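Here the structure is a predicted model, which is why all the values come from computation and not from measurement.
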There are 2 protein chains.
Amino acid sequence: MNKPEARTRIQERNRAAILDAGLDVFSQFGFRGATLDQIAEAAGLSKPNLLYYFPSKESVYETLLQELLHTWLDPLRAMRPEGDAVGEILGYVRRKLEMSRDYPRESRLFANEILQGAPRIMPALTGELRDLVNDKAAVIRGWSAAGRIATIDPHHLIFSIWALTQHYADFDVQVQAVLGPGDPYPAATAYLEQLFRRLLTG
Amino acid sequence: MNKPEARTRIQERNRAAILDAGLDVFSQFGFRGATLDQIAEAAGLSKPNLLYYFPSKESVYETLLQELLHTWLDPLRAMRPEGDAVGEILGYVRRKLEMSRDYPRESRLFANEILQGAPRIMPALTGELRDLVNDKAAVIRGWSAAGRIATIDPHHLIFSIWALTQHYADFDVQVQAVLGPGDPYPAATAYLEQLFRRLLTG
DNA sequence: ACTTGATTTGACCATTCGGTCAAAGCAACG
DNA sequence: CGTTGCTTTGACCGAATGGTCAAATCAAGT
């Protein structure tokens, strides 16, 4: 009947095309710098047709942000207190780096939103994100106290994991400009494992 | 006489106000997302008056980018092969982190330009930047070979310094959302020194 | 073939965009 | 005072922007 429920194949396809095109454009130019015409063309639709599936530019953007947050925190959530401490943290680093490699547009979309002051995602940052980080920080602090890893600031450890892994997605063109063409991820993976292993077992 | 040479006090003041306002706006919204009216209002001028001092939106942006690159690479340039290896690298980390703290808008402007694919700064990336990084990478490799620091990938070491230090400027609102209000830099400074010291003396 | 509802589009609208221009304001100096 | 040149602005322009709407097209079932 209506769009939210009971989607036809054509709705499924067009909504997906719009979100994919929106991800392309928003992640590059941010919300304000992106235009509906640009997104519509990238999706292979006319602008009014795009607005048949989404009521506004804002709604496309917010749908993307919402889908993003859902999957963005999964790797952190997967860190289990019962596991091997160093292995759990290194696993998180590896999964996060794989996300940078496989979903760089999502990473850039998030970076753009944060650079603009997080106007539409701030509630999630001070809510869901903050709670999860504090939860995992406590886990890490427990590992430190138990002597399973070195004593370190758990919040800044998490920040450093974000910074290092997302850098390869967000600053990709800079990395490529310096290193030349080629896949930087094998070397990055090895480097980050070395870095965190030394940090945690210092 | 004309603008480039022999500036009056009023020209000096207004050009500075425009560049400062442009830094505010461009660093938040990127080139496409920023508007001249926004910049003019932030600078306390009318739009035509702004365009009396700069011929176009593009010229304001490019002036900012040019000034940025000039100072952005100085801390890396200051790394001297003759000095103490660990001390030189830690000094670079500290200077870079201080730049994030004292000039966060410049960091965000750069991040925005890179996210957009570096359309206006690419030549500098594959030229000046690439050369300097390769030069310093050779220095670091020499330190490793001489046994003065651990064996690490010098390029990714430099990337990791950029990622970790700029994160505190670019993702400031996220850091504050997680940590709550307060200055994160004292703890960040201590954490990064610990991290790199362990990495380099591993 | 006919009907019904989903889909698509061309034309259009108000607003905002970057930028121009002629005229007005203003400071300094003779 | 009057002149000269720097500075500021209101009015304006064409293009692009987000969004609307009625009409046309299409797909599917009968």
**Q** Does A:Asn49 place a side-chain N or O at less than 4.0 Å from the phosphate oxygens OP1/OP2 of C:dT9?
**A** yes

**Q** For the pair made of CZ in A:Phe31 and C1' in D:dG18, what is the distance, rounded to whole Å?
**A** 10 Å

**Q** Please confirm whether the shortest side-chain N or O distance from A:Asn14 to OP1 or OP2 of C:dT8 is below 4.0 Å.
**A** yes

**Q** What does A:Ala40 touch in the nucleic acid at a heavy-atom separation under 4.0 angstrom: a base, only the sugar-phosphate, or nothing?
**A** nothing

**Q** Give the rounded distance in Å between these two atoms: CG of B:Leu50 and C1' of D:dG10.
**A** 16 Å

**Q** State which of C:dG18, D:dG19, D:dT20 makes the closest approach to the side chain of A:Pro48.
**A** D:dT20

**Q** So, does B:Gln11 get its side chain near the phosphate of D:dT7, meaning an N or O under 4.0 Å from OP1 or OP2?
**A** yes

**Q** Just to confirm, is there a sub-4.0 Å distance from OP1 or OP2 of D:dT8 to any side-chain nitrogen or oxygen of B:Ser46?
**A** no

**Q** Is the B:Tyr185 ring parallel, tilted or perpendicular to the B:Tyr168 ring (thresholds 30°, 60°)?
**A** tilted

**Q** Counting only side-chain nitrogens and oxygens, does A:Tyr52 get under 4.0 Å of the OP1 or OP2 atom of C:dT8?
**A** no

**Q** Taking atom C1' of D:dC6 as reference, at what distance in whole Å does atom CZ of B:Arg15 sit?
**A** 16 Å

**Q** Evaluate A:Tyr53 against A:Asn14 for side chain to side chain donor-acceptor pair (under 3.5 Å), listing each step before the verdict.
**A** CA-CA 8 Å; A:Tyr53 292 100; A:Asn14 283 344; 2.9 Å; yes

**Q** Could you grab the distance from atom CG of B:Leu115 to atom CZ of B:Phe110, nearest 0.5 Å is fine?
**A** 10.5 Å

**Q** Expressed in angstrom and rounded to an integer, what is the separation of B:Leu51 atom CG from C:dG18 atom P?
**A** 9 Å

**Q** Does a side-chain N-to-carboxylate-O contact under 4.0 Å join B:Arg105 and B:Asp20?
**A** yes

**Q** What is the separation between atom CD on B:Gln38 and atom C1' on D:dT17, rounded to the nearest whole Å?
**A** 15 Å

**Q** Quick one: B:Arg32 CZ to C:dT16 C1', roughly how many Å, whole number?
**A** 14 Å

**Q** What's the NZ-P distance between A:Lys57 and C:dT15, to the nearest Å?
**A** 18 Å

**Q** Using a heavy-atom cut-off of 4.0 Å across all strands, would you classify A:Ile10 as base, sugar-phosphate, or nothing?
**A** sugar-phosphate

**Q** If the plane angle is over 60° it's perpendicular, under 30° parallel, otherwise tilted; pick one for B:Phe171 and B:His167.
**A** parallel

**Q** Between A:Arg9 and A:Lys47, which residue's closest nucleotide on DNA chain D lies nearer the 5′ terminus?
**A** A:Lys47

**Q** Which nucleotide in the list D:dG18, C:dT8, D:dT8 gets nearest to the side chain of A:Tyr53?
**A** C:dT8

**Q** Just how far, in rounded Å, is P of D:dT9 from CD of B:Glu41?
**A** 13 Å

**Q** Of the nucleotides C:dG19, D:dG18, D:dT20, which one has an atom closest to the side chain of A:Asp37?
**A** D:dG18

